[in-house]
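To keep things clear, I will list the structure first and then write my remarks on it.
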Amino acid sequence: MKKIVIFILLCGLLLSAASCTSSSSSTEKPTDTPSATPAPDKTETSADTPSDPADPADPATTPNPADNPDLPEDNPPVTTPTEPTTPAVPVSPYKFEYPDAVRGIYVTGWSAGGEKMKSLLQLVDDTELNAMVIDIKDDDGYITFKPEGNLAEFGQPYIRDPDSLMKTLEEHRIYPIARIVVFKDSVLAKKRPDLSYTLDGKVWRNGNGDGFINPFLKENWQHNVDAAIQAAKLGFQEIQFDYVRFPEGFEKKDKVLQYSMGEYKDKKPTKFVEQEKAYAEATAAYEAGLAPLQEAIDTGSTTYHATPTDENKKVLDDAKKALADFKKTEPKKPDFSEKARFTQLRVDAVTDFVQYAKEQLKPYGVKVSVDIFGYSATLPEAPGIGQNFSRISENVDVISSMIYPSHWSDGYFGINHPDTEPYRLVQEYAKREKEKLDALETPPISRPWIQDFTASWLAKGSYIRYGKTQVDAQIEALKDAGIHEYLIWNAGNKYSANVNYTP
């Protein structure tokens, strides 16, 4: 009997303890519910950039019984499990707004970090210019300041204090664009020949002594994206990729140089996939069209042989002619040769890099632009160097064709010497570009590079001296074509005075 009483008392104590534990746990958040961290305030970067929506899982708006002793313990709040938040990307403390239309100049790293910057700032302050394209990864492959991390060995102190530079740009209300030279990279080519092209065991260089890195290799993609991320973290509002291509004339060297194809070695080009589908559909339609025409001949032949009248002969002859004419429309099999495959893989590699870079830079809220040869917009594509104007344009916010009049061969657009007729050259180019961009579902902003330098290397009579009049003519031609954004190039950063930037 005593044992029974003791057993009953023990059961009571256990039940009481369990009840207390249950009551206490009802006031705590479930341990398997991820806690949400409020996103830091974002710096306003552009009138075109929407602000992030409020986080519905912000703990600041969710009542917690532990924080409110007046909340009854037997009526805890309903908590909704939320997905873990992605770590916030560091936001620059500087504020920039996208201008009414970008009107910019090119600035080297040397100029941006040196005394010349004072005169360039004055130029922008005194005119309708409002943007600067500043080298962050230059034509040699150097980072123009001293970064930390895996790019440290590529840094040069051209811009000794990048934060001070950004603050200055903010104070002068200058829209900052970071220029990243991509596949022209003598520095990385020398350090890593396996990422470049070799000839007779040595890194290949072009006629100007420039080294290039291989667009087929994703390690090279990431190297340039890392540089772009550094620029975005500094506060640049736009990343402009230049030299997004294979070396000029590469199609004549691709069988001589040694280089890796990376993941593209056994890949079927995008164009081949598209062509195969189109060819199959066209062939099926063609074969379907043959049947009734052949049937008409068979019927006409039978009728004519049974009743050989002139009328029946005409019916048979017409049927034969219809079949003969139709056979002229037989789809031609596309060129699927190995030469064509390698050619198209270059286009894929360049386009894929642009897509990859755009995706990787999304968290940083920057616009992405690409410099491209002007003639690429006037051709179906320029597969030798891997540039397809339409495919690149589909993957960027801004397309910047380099339409310097001096860079077109004599006779292009029917102009004897393009450099001598800047207005007409730009006018003719704009027509072709408009056709290409109008065909895209979501065309990018057109912001061409124009010329403010004299091309004295051209043959006598093929060039003229450039100054205010010639720069004005290019800007006027763009305006007349409905293009209101532009960038002005002078490698030495010496720009003509008294230009009418907003005609």
Side-chain angles (χ1 to χ4, degrees), residues 102-124 127 129 131-145 156 158-159 165 174 176-187 205-212 227 231 236 238-245 247-248 369-375 400-408 418-419 422 425-426 447-459 462-475 486-497 499 501:
V102 169
R103 299 178 290 275
I105 55 174
Y106 166 62
V107 179
T108 66
W110 280 103
S111 293
E115 286 298 310
K116 183 179 275 294
M117 191 61 170
K118 292 179 181 178
S119 62
L120 294 175
L121 288 170
Q122 193 67 53
L123 172 65
V124 176
T127 66
L129 292 170
M132 287 184 176
V133 179
I134 301 175
D135 277 346
I136 290 300
K137 179 172 179 276
D138 67 15
D139 291 62
D140 293 320
Y142 288 119
I143 306 299
T144 57
F145 63 97
Q156 292 292 323
Y158 305 151
I159 302 172
L165 169 65
I174 295 173
I177 303 170
R179 178 174 179 255
I180 306 290
V181 178
V182 183
F183 297 120
K184 178 185 176 185
D185 193 326
S186 299
V187 176
R205 293 175 181 266
N206 68 8
N208 294 325
D210 302 316
F212 283 77
F236 282 90
E238 184 171 317
I239 306 299
Q240 182 189 92
F241 292 111
D242 198 0
Y243 283 85
V244 187
R245 59 176 177 82
E248 288 182 81
S369 58
V370 163
D371 295 341
I372 190 169
F373 275 140
Y375 74 80
S400 289
S401 290
M402 296 171 285
I403 61 173
Y404 318 123
S406 60
H407 282 38
W408 302 82
D419 189 65
L425 182 282
V426 172
R447 188 196 297 153
W449 278 103
I450 60 175
Q451 175 176 332
D452 191 3
F453 57 86
T454 297
S456 54
W457 61 86
L458 295 177
S462 295
Y463 74 93
I464 58 175
R465 181 163 296 282
Y466 267 59
K468 167 183 165 53
T469 301
Q470 290 69 34
V471 178
D472 281 348
Q474 295 171 84
I475 295 173
Y486 56 83
L487 302 169
I488 306 175
W489 181 272
N490 180 289
N493 303 164
K494 298 176 181 178
Y495 296 99
S496 298
V499 168
Y501 297 109

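Start at 1 with the first residue, then count along the sequence.
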Please assess Thr127 against Val499 for the test side-chain contact (heavy atoms from CB on, under 4.5 Å), listing each intermediate value before the final yes or no.
-> CA-CA 9 Å; Thr127 66; Val499 168; over 6 Å; no

Would you please test Ile143 and Lys137 for side-chain contact (heavy atoms from CB on, under 4.5 Å) and show each step?
-> CA-CA 4 Å; Ile143 306 299; Lys137 179 172 179 276; 4.1 Å; yes

For side chain to side chain donor-acceptor pair (under 3.5 Å), just list the numbers for Ser496 and Asp452, CA-CA rounded to whole Å, side-chain angles, deciding distance to a tenth of an Å, and then say yes or no.
-> CA-CA 7 Å; Ser496 298; Asp452 191 3; 2.7 Å; yes

Please report the C-alpha distance between Ile174 and Leu121 in whole Å, then the side-chain angles of each, then the deciding distance to 0.1 Å, and finally whether the side-chain contact (heavy atoms from CB on, under 4.5 Å) criterion is met.
-> CA-CA 9 Å; Ile174 295 173; Leu121 288 170; 3.5 Å; yes

Kindly determine whether Phe236 and Ile134 satisfy side-chain contact (heavy atoms from CB on, under 4.5 Å), including the steps that lead there.
-> CA-CA 9 Å; Phe236 282 90; Ile134 301 175; 4.2 Å; yes

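Under 4.0 Å is where a charged nitrogen must lie from a carboxylate oxygen, and between Asp242 and Lys184 no such pair does. Salt-bridge formation is not detected for the pair Arg245/Asp371: no Lys NZ or Arg NE/NH1/NH2 atom is positioned less than 4.0 Å from an Asp or Glu carboxylate oxygen.
Side-chain contact between Asp138 and Thr108 is absent, with no heavy-atom pair separated by less than 4.5 Å. Between Asp419 and Gln451 the shortest side-chain heavy-atom distance falls below 4.5 Å.
Other residues, nucleotides and ligands place no more than 12 heavy atoms under 6.0 Å from the NZ atom of Lys118.
No donor-acceptor pair under 3.5 Å is formed between the side chain of Asn208 and the backbone N or O of Asp210.
To the nearest 0.5 Å, atoms CD1 (Ile450) and CD1 (Ile488) are separated by 4.5 Å. In this structure, the separation between NZ on Lys494 and CZ on Phe453 is 14.5 Å, given to the nearest 0.5 Å. Here the CG atom belonging to Leu425 is positioned 9.0 Å from the OG atom belonging to Ser406, to the nearest 0.5 angstrom. Note that OG of Ser401 and CG of Leu487 are 11.0 Å apart. Values are rounded to the nearest 0.5 Å.
Not counting sequence neighbours, the partners of Tyr158 by the ring-ring contact (aromatic ring centres under 6.0 Å, His included) test are Trp110. The ring-ring contact (aromatic ring centres under 6.0 Å, His included) check on Tyr463 picks up nothing, with sequence neighbours excluded.
Closest approach of Ile403 to Pro448, counting heavy atoms only: CD1-CB, 3.6 Å. Ser400 and Arg447 make their closest contact through OG-O, 2.7 Å (heavy atoms, listed as atom of the first residue, atom of the second, distance).
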